Amino acid sequence: MSTRIHARYLIETPYPVEHAAQVMAGEQSSGTFTRLANETDTLREAHGAVVENIETLDAVETPSLPMRADLAPQGHALFQRALVELSWPLENMGPSLPNLVSTVAGNLFELKEFSALKLLDIDLPSAFADVYPGPQFGMSGTRQLAGITSGPLIGTIIKPSVGLSPAETADMVAQLVAGGIDFIKDDELQANGPHSPLRARVDAIMPIINAHAERTGKTVMYAFNISGDIDEMRAQHDYVVAAGGSCVMVAINSVGLAGVAHLRRHCQVALHGHRAGWGMLSRSPHLGMAFDAYHKLWRLAGVDHIHVNGLRNKFSEEDASVINSARACQTAMFEAPAAGYQIMPVFSSGQSAAQVADTYRALGNSDLIYCCGGGIMAHPGGIAGGVASLRQAWQAAMAGIPLATYAREHRELAQAMETFSV
């Protein structure tokens, strides 16, 4: 069983690739810019990062990121790209998420040797699973909490993002619950603002959800946004639980790995991870962090769901990247007997019945939360029609029936296809 941490990177450099890779290894382990007396061979052997592999790619004539001209070696003509794999002994930092990030994604990005550098993926020893319990509910537990045994959880987001009072929010929830929704979430911008305090929202919303559960036996999952300081999140979580809630949400980049890990150990309900700010890390192909690496950190920290955008979304992410992210969430992180840590991908951003068939075909399963705002609210048949159209679209997709064929006998789907198809 491996006791080393492995990380893979895309790099671009005007220096010899082997030299640049060794600079990376030295900067993020025992080395410094010049050899010191106490930097012995024994110490480097025990604690130095190792360049495990280099795969040379193409070369370009201009740097992909801004780079001072005086930093490049004299006489160089090209900026060489390569895939580099480094490894570190676990003993350097122990199974600690904050210190892991400082190691695999610390000072590397501003090193003078690089005109591009992106962390692509990480593989971790199972010792991390011994320290971090990971998702408490994941895919199967989320289904149990929501009472949905097959098909996706059909969800939506309360909009406008800010401005609605607790009473106005509750009115919207009442319509959604009556319309047959499975999952509702606060927007990432709406946590505990003065115009709509979290506890006032809980007091207004949970009686509606609880009354519906008593009538129908179905408890709609509502993800209350409790993002805040650690003590505040704990208190807000407890308030949601006491009211009968089954889910809380945090903006993971805002509260941090330590905040999410602390909340997970206290949490009694599903923990919904919103990745607001993700584009800052991911959008450039030449800088930042790929989802394959990023989401593993949050799975270890303990989220049960995480956002992955959706097909033909309103953002810049390509469809292939969305599907790769969703599959990654559903793939085990560790080999048995360690936990798999699979979590529920959340599709959102401009979704409607029109993308369902392509989503199911590409992903190959329905273990997801499928969130639609306008795809529900703007449906000609209202909220109930929007929810019905999505269920019909997923029924058709999972049965292998073309949506156009299924729509002939399902009015809500036909309306959705006419309204949202491009």
Side-chain angles (χ1 to χ4, degrees), residues 1-60 63-65 67-68 70-74 76 78-128 257 281-282 284-294 296-297 300 333:
M1 184 176 295
S2 174
T3 59
R4 295 188 70 83
I5 293 160
H6 290 254
R8 286 175 287 283
Y9 302 85
L10 170 68
I11 69 166
E12 180 186 288
T13 178
Y15 290 80
V17 170
E18 293 78 6
H19 167 74
Q22 289 296 340
V23 170
M24 293 172 68
E27 174 67 25
Q28 295 308 108
S29 60
S30 58
T32 183
F33 76 96
T34 186
R35 188 74 174 258
L36 303 180
N38 60 357
E39 190 182 335
T40 64
D41 290 340
T42 300
L43 183 146
R44 290 169 70 94
E45 179 70 22
H47 297 284
V50 173
V51 179
E52 298 283 357
N53 189 55
I54 297 174
E55 180 183 343
T56 303
L57 303 176
D58 60 322
V60 293
S64 296
L65 297 175
M67 188 175 187
R68 278 172 31 208
D70 63 308
L71 294 182
Q74 289 187 350
H76 91 282
L78 296 172
F79 295 83
Q80 181 66 51
R81 292 173 177 168
L83 298 175
V84 172
E85 180 176 344
L86 303 182
S87 75
W88 295 261
L90 179 64
E91 290 79 6
N92 279 16
M93 78 293 292
S96 163
L97 280 176
N99 292 300
L100 169 70
V101 174
S102 295
T103 298
V104 302
N107 286 336
L108 289 170
F109 301 100
E110 59 260 46
L111 286 170
K112 69 178 183 180
E113 284 78 10
F114 298 96
S115 53
L117 195 151
K118 187 160 187 169
L119 173 61
L120 301 180
D121 202 356
I122 53 175
D123 290 320
L124 303 174
S126 59
F128 278 87
L257 283 167
L281 298 172
S282 65
S284 171
H286 307 119
L287 183 69
M289 187 183 302
F291 188 84
D292 284 344
Y294 172 85
K296 290 178 180 177
L297 303 173
L300 274 170
M333 275 187 65

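Sequential numbering from 1 along the given sequence is applied to the chain's residues. All values derive from a computational prediction rather than experimental measurement.
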Ala293 and Ile122 have their tightest heavy-atom pair at O-CD1, 3.9 Å

Which heavy atom in Gly94 sits nearest to a heavy atom in Phe128, and how many Å separate them? O-CZ, 3.9 Å

Just do the side chain to side chain contact (heavy atoms under 4.5 Å, CB included) check on Asn99 and Leu97 with the steps written out, would you? CA-CA 5 Å; Asn99 292 300; Leu97 280 176; over 6 Å; no

Do the charged groups of Lys296 and Asp123 touch, with an N to O distance under 4.0 Å? yes

Apply side chain to side chain contact (heavy atoms under 4.5 Å, CB included) to residues Glu85 and Tyr9 and explain how you reach the verdict. CA-CA 6 Å; Glu85 180 176 344; Tyr9 302 85; over 6 Å; no

Taking side chain as C-beta onward, heavy atoms only, is Pro125 less than 4.5 Å from Pro95? no

Side chain of Thr13, backbone of Glu113: donor and acceptor closer than 3.5 Å? yes

Quick check for you: to the nearest 0.5 Å, what is the distance between Leu108 atom CG and Met24 atom CE? 5.0 Å

Gly106 versus Glu110, closest heavy-atom pair with distance: O-OE1, 4.0 Å

What's the shortest heavy-atom distance between Val104 and Ile5, and which atoms? CG1-CG2, 4.2 Å

Please confirm whether the backbone N or O of Thr56 pairs with a side-chain atom of Gln80, one donor and one acceptor, at under 3.5 Å? no

4.5 Å side-chain heavy-atom contact, His47 and Trp88: no

Kindly indicate whether the side chain of Leu300, heavy atoms from C-beta on, has any atom under 4.5 Å from the side chain of Leu124. yes

Side chain to side chain contact (heavy atoms under 4.5 Å, CB included) between Leu111 and Leu117, worked out: CA-CA 9 Å; Leu111 286 170; Leu117 195 151; 5.6 Å; no

Distance check, rounded to the nearest 0.5 Å: Leu78 atom CG versus Asp58 atom CG? 10.0 Å

With sequence neighbours left out, the residues meeting side chain to side chain contact (heavy atoms under 4.5 Å, CB included) with Val50 are Arg4, Glu52, Ser87

Is a donor from one side chain sitting under 3.5 angstrom from an acceptor on the other, for Ser64 and Arg81? yes

Where Ala127 and Leu90 come nearest, the two heavy atoms and their spacing: CB-CD2, 3.6 Å

Test side chain to side chain contact (heavy atoms under 4.5 Å, CB included) on Arg8 and Asp292; report intermediate values, then the result. CA-CA 10 Å; Arg8 286 175 287 283; Asp292 284 344; over 6 Å; no

Is a side-chain donor or acceptor of Gln28 paired with a backbone partner of Thr103 at a separation under 3.5 angstrom? yes

Is it true that the side chains of Glu12 and Ser115 contain a donor and an acceptor less than 3.5 Å apart? yes

Any heavy-atom pair between the side chains of Leu65 and Phe114 that's under 4.5 Å? no

Can you see which heavy atom on Phe109 is nearest to which on Lys118, and at what distance? CE2-CA, 4.4 Å

Evaluate the ring planes of Tyr15 and His19, with Trp represented by its six-membered ring, and classify them as parallel (under 30°), tilted (30 to 60°) or perpendicular (over 60°). tilted

Does Asn92 reach the side chain of Ser29, with side-chain heavy atoms less than 4.5 Å apart? yes

